[in-house]
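Everything on this sheet refers to the single structure shown next.
In this chain, numbering begins with 1 at the start of the sequence shown.
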Amino acid sequence: MTYAIECRQLTRTWPGNPPVEAVKGIDLQVEQGICFGVLGPNGAGKTTTIEICEGLQTATSGEALILGMSWQTDADRIRQQIGISLQETRLSEKLTVLETLTLFRSFFHAGLDPVAVIDRVSLREKMHARIKTLSGGQKQRVAVATALVGNPQLLFLDEPTTGLDPQSRRDLWRVITDFREGGGTVLLTTHYMDEAERLCDRVAIFDRGRILAIDSPQNLIRGLGAEHVVAFTVTGSQQPAEDFGAGLPGVIAVRLESHQRCLSVREPHIAIPALLDLINRSGMQLSSLTTRQATLEDVFVHFAGHGLNEVTEGNVR
């Protein structure tokens, strides 16, 4: 089959003393017609990988095929079939929304009617407004519209909802879903686990220049062997050991997350009474206790050994 994206032993090394390996032999296949999520902390190598796929960087070794084509031999054809929305897109603030979309449409041999794309991102009432008068959420929708106006087969979206209010996030979710349901392929980077779980058919977890796992969000969460997380804090003269609670019935894993201790458990109704009894017997007092469903954040911690927002040695970009 022809993949929308196929990376084979992709590497990128930055010169230095010593050289820094940002991407370390990545193999990645993105099927056509799906929304594929890329997750990882800052410095995990995901931005470098995506920029190679977008033609913005050159790999040190290996290759990245886009819609079955190579940037070395088919750059113009690839540009006509992809759309890119960066995390921060600087648009001319003196142009109107319609003028901006008309300008971007002119870059493509074939594309969509700018007014139709403006309708797709729900900005008809702002069509003649200048970019500088728009809210942050409206500007982000214009940025996504500039990626759509060329009628691409493959859409790259880098943190498209960062900093947006909940309604603006949902508006962009609808645009992404409609594009995928129309047969397009989306490569999405996000720090929001609920966004990845809702939008993505498959996700890849990046860390330190490598891919740790690839699967559907549901399969990755199911693979933890624990559907729930119990988070708690305690007080007292004695603080619990790092593996406190590890031997309790139904507990799969234990970790320290910020100021809380987290237990991954199969059955909360069995694990919680055992935990409370252990806390009492240890002479400590329970300060707080919450339970929640396991998420992709827990999957990342399971594979990487640290949280998405933690900076670790060896992370580059």
query: If we ignore angles and hydrogens, is there a donor and acceptor under 3.5 Å between the side chains of Glu297 and Thr295?
result: no

field: Common cluster, Leu187/Trp173, ILVMFWY with side-chain heavy-atom separation under 4.5 Å
entry: no

task: Would you indicate whether the side-chain heavy atoms of Thr235 and Met284 approach each other to under 4.5 Å?
output: no

- request: Give the cluster check for Val175 versus Ile84: same hydrophobic cluster or not, with ILVMFWY residues linked at side-chain heavy-atom distances below 4.5 Å.
  value: no

query: Could you give the distance from CD (Glu63) to CZ (Arg8), rounded to the nearest 0.5 Å?
result: 4.5 Å

message: If we check side chain to side chain contact (heavy atoms under 4.5 Å, CB included) with Leu123, which of these qualifies: Ile118, Val117, Asp171?
response: Ile118

- line: Heavy atoms of Phe300 and Pro41 approach each other most closely as CZ-CD, 3.4 Å

- prompt: Between CD of Gln29 and SG of Cys7, what distance do you get to the nearest 0.5 Å?
  reply: 8.0 Å

- prompt: Distance only, no hydrogens: is a donor on one side chain within 3.5 Å (strictly under) of an acceptor on the other, for Arg77 and Gln80?
  reply: no

query: Is the backbone N or O of Ser264 less than 3.5 Å from a side-chain atom of Arg255, with the two atoms forming a donor-acceptor pair by type?
result: no

message: Keeping Lys46 on the side-chain end and Gly40 on the backbone end, is there a donor-acceptor pair under 3.5 Å?
response: yes

Closest non-hydrogen atom pair between Cys53 and Ala64, with its separation: SG-CB, 4.4 Å

message: Pair His228, Thr291 - check side-chain contact (heavy atoms from CB on, under 4.5 Å), show working.
response: CA-CA 7 Å; His228 303 271; Thr291 64; 5.9 Å; no

field: Side chains of Glu31 and Asp201 in contact at under 4.5 Å (non-hydrogen atoms)
entry: no

statement: Closest heavy-atom pair, Trp14 versus Ala22, reported as atoms and distance to 0.1 Å, is NE1-CB, 3.3 Å

query: Could Arg79 and Asp76 be called an ion pair, given the rule that one side-chain N must be under 4.0 Å from one carboxylate O?
result: yes

field: Point-to-point distance, once rounded to the nearest 0.5 Å, from CG of Asp207 to CG of Leu212
entry: 5.5 Å

query: Less than 4.5 Å apart, any side-chain heavy atom of Phe244 and any of Leu278?
result: yes

Report, one line per pair, each donor and acceptor closer than 3.5 Å where one atom sits in a side chain of residues 141-148; sequence neighbours left out.
residue	atom	partner	partner atom	Å
Arg141	NH1	Val121	O	3.2
Arg141	NH1	Ser122	O	3.1
Thr146	OG1	Ala143	O	2.5

- request: Indicate yes or no for a side-chain donor-acceptor contact from Arg261 to the backbone of Pro240 under 3.5 Å, with no hydrogens or angles considered.
  value: yes

field: Residue pair Thr189, Leu157: steps toward the side-chain contact (heavy atoms from CB on, under 4.5 Å) verdict
entry: CA-CA 6 Å; Thr189 69; Leu157 299 177; over 6 Å; no

task: Compare all side-chain heavy atoms of His302 with those of Ile252 and state whether any distance is below 4.5 angstrom.
output: no

task: May I ask you to decide if Thr13's main-chain N or O and Thr60's side chain share a donor-acceptor pair within less than 3.5 Å?
output: yes

query: Within a strict 4.5 Å, meaning less than it, do heavy atoms of the Trp71 and Ile52 side chains meet?
result: no

field: Nearest-0.5 Å distance, CD of residue Glu6 to OG of residue Ser70
entry: 12.0 Å

statement: Closest non-hydrogen contact found for Ala294 with Val229 is CA-CG2, 4.2 Å

field: Ser61 and Thr11 side chains, donor-acceptor separation under 3.5 Å
entry: yes

task: Answer whether the closest heavy-atom distance between the side chains of Leu134 and Val97 falls below 4.5 Å.
output: yes

task: Give the C-alpha distance, both sets of side-chain angles, the deciding distance and a yes or no for side-chain contact (heavy atoms from CB on, under 4.5 Å) between Val115 and Arg124.
output: CA-CA 8 Å; Val115 175; Arg124 169 65 77 116; 3.4 Å; yes

message: Count I, L, V, M, F, W, Y as connected when their side-chain heavy atoms are under 4.5 Å apart, and connections chain through other members. Are Ile50 and Leu65 then in the same cluster?
response: no

May I have the list of side-chain donor-acceptor pairs in residues 269-277 shorter than 3.5 Å, sequence neighbours left out?
residue	atom	partner	partner atom	Å
Asp277	OD2	Arg281	NE	2.8
Asp277	OD2	Arg281	NH2	3.4

- prompt: Around atom CD of Glu227, are there more than 12 heavy atoms of other residues, nucleotides or ligands at under 6.0 Å?
  reply: no

task: Apply side-chain contact (heavy atoms from CB on, under 4.5 Å) to the pair Tyr3 and Val30, showing each step before the final yes or no.
output: CA-CA 6 Å; Tyr3 293 101; Val30 177; 5.8 Å; no

statement: Between Arg180 and Leu199, the two heavy atoms sitting closest are NE-O, 4.4 Å

query: In terms of heavy-atom contacts, does CD of Glu242 have more than 12 from other residues, nucleotides or ligands at under 6.0 Å?
result: no

- request: Can you sort out the partners of Leu56 under side-chain contact (heavy atoms from CB on, under 4.5 Å), two or more places apart, ordered by chain and number?
  value: Glu51, Glu54

- request: Taking all heavy atoms of Thr185 and all of Phe179, pick out the closest pair and write down the distance.
  value: O-CE2, 3.4 Å

Phe36 vs Leu28 side-chain heavy atoms within contact, under 4.5 Å: yes

query: Would you call Lys139 and Glu93 a salt bridge, taking side-chain N to carboxylate O under 4.0 Å as the test?
result: yes

field: Any side-chain heavy-atom pair of Glu267 and Pro249 under 4.5 Å
entry: no

query: Are Leu188 and Leu164 connected, step by step, through hydrophobic side chains (Ile, Leu, Val, Met, Phe, Trp, Tyr) whose heavy atoms are closer than 4.5 Å?
result: yes

- prompt: Would Phe156 and Leu91 show up in the same hydrophobic cluster when neighbours are defined by side-chain heavy atoms closer than 4.5 Å?
  reply: no

task: Drop me the distance from Glu125's CD to Gln138's CD, to the nearest 0.5 angstrom.
output: 7.0 Å

task: Would you mind checking if Arg292 and Asp298 are paired as a salt bridge, meaning a charged N to carboxylate O distance below 4.0 Å?
output: yes

Spatial distance of atom NZ (Lys126) from atom OG1 (Thr96) [nearest 0.5 Å]: 12.5 Å

query: Is the closest side-chain donor-acceptor distance between Thr161 and Glu195 under 3.5 Å?
result: yes

